[in-house]
Amino acid sequence: MHDHLSLSDKCPSSQFFISTFYHFVRIADPFSFKLELQDQAQKLGIKGLIILGHEGFNTTSSCESEQNLEKWKDLFKSRFNLEKLNNKDSLSLKAPFLRFSAKVKPEIVTTGRNDLNLESSQMGKNHHLSPDEWDQVMKNERDDIILIDTRNWYEYKIGTFSGARNPHIEKFTDFPQYFENEKIEKSKKIMIFCTGGIRCEKGILELQEKGYDNVYQLEGGILQYLKEKPHQEFKGECFVFDNRVAVDQELRPSQVYRLCPHCGQPGALQKECVRCDTEFQICEKCVEIAVKKDTCSKNCAHHWSVRPHQKGSHQYRPHEMNQESKE
Ligand SMILES: [Zn+2]
Ligand SMILES: [Zn+2]
């Protein structure tokens with residue numbers, strides 16, 4: 001019997017290879033490096049966001065060709081003479097990025113402090129714990145440590161380590177003030193973590209500057225932890241700054257969350273737009289707000305409030321998140 005498979009049945013639908021990595025290394029001319037990267041990204045079909053600065057680079061990049069993504073990583077390795085990139089990789093059937101964007105900034109992760117210098121030799125070795133070491137401490141010293149999630153409140157909300165403190169911050173630059181207010185004893189053992197590790201690299205320097213020497217960070221962040229230890233101490237999903245919104249315990253794109261069209265936070269509540277009948281997901285906050293709660297987009301919300309009960313055309317467009325320099 002002949003099989004009548006169409007082309008799309010034969011070819012598995014395209015998938016996207018994703019790699020997240022950063023490195024603190026002196027870049028003399030980030031602007032010319034940016035042009036070089038834009039050129040290479042175009043050639044290799046790389047999409048994603050890269051933040052560049054004199055202090056290094058920080059990116060989540062994706063490509064439909066695994067081979068080309070490897071070439072992209074090699075470019076950084078050979079350029080800066082790196083043995084490894086400490087990249088955190090994952091897969092997605094959904095495009096995490098729609099385009100490539102490179103931005104030059106004073107810092108590759110924003111602290112508002114450009115005097116925190118990570119380009120020195122201690123870089124990447126400052127009180128790092130591997131996922132195994134991390135779990136050991138969590139198991140053996142649980143009652144003696146203070147575990148702090150350095151991420152923003154909406155990241156904490158959808159998944160974190162059990163027992164982690166929530167700083168309730170809106171952005172990472174607010175972390176030092178939160179810490180100041182906590183008035184933790186200087187000798188206390190403190191464990192901090194973030195998505196991929198970069199926020200903690202600087203966070204740890206700031207805490208050391210305040211006189212806290214007993215601070216440790218999770219090497220490679222939650223992404224590395226989940227890769228090595230799914231379904232263990234980390235509970236829930238890990239927020240990521242791209243179209244996937246979050247990744248689950250197996251680093252697959254979230255099946256639970258989509259971006260709330262009104263505020264950009266993760267939303268899990270399924271709704272249908274009263275104006276254009278488009279399905280969308282809304283967050284817990286916006287679902288409390290009149291007009292927003294029933295509309296799929298800012299556009300529909302506007303039209304519905306001006307002309308209630310008048311139907312209109314499809315408005316919702318999945319928008320690309322701007323991860324700025326959060327990770
Ligand atoms: Zn919302
Ligand atoms: Zn709508």
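Whatever order the structure lists them in is the order used to number ligands and atoms, beginning at 1. Fair warning: this is a prediction, and the values are worked out from it, not measured in the lab.
For the atom pair S62 OG and D89 CG, the distance stands at 11.5 Å (nearest 0.5 Å). Distance check, rounded to the nearest 0.5 Å: NZ of K105 to CG of N58 gives 10.5 Å.
For residue C260, an N/O/S atom approaches the Zn ion (ligand 1) to within less than 2.8 Å.
The 12-atom threshold is not exceeded at NZ of K298, counting heavy atoms of other residues, nucleotides or ligands nearer than 6.0 Å. Atom CD of E272 is surrounded by more than 12 heavy atoms from other residues, nucleotides or ligands within 6.0 Å.
At the Zn ion (ligand 2), the angle from SG in C273 to SG in C296 is 110° when rounded to 10°. Expressed to the nearest 10°, the angle at the Zn ion (ligand 2) joining SG in C276 with SG in C300 is 110°.
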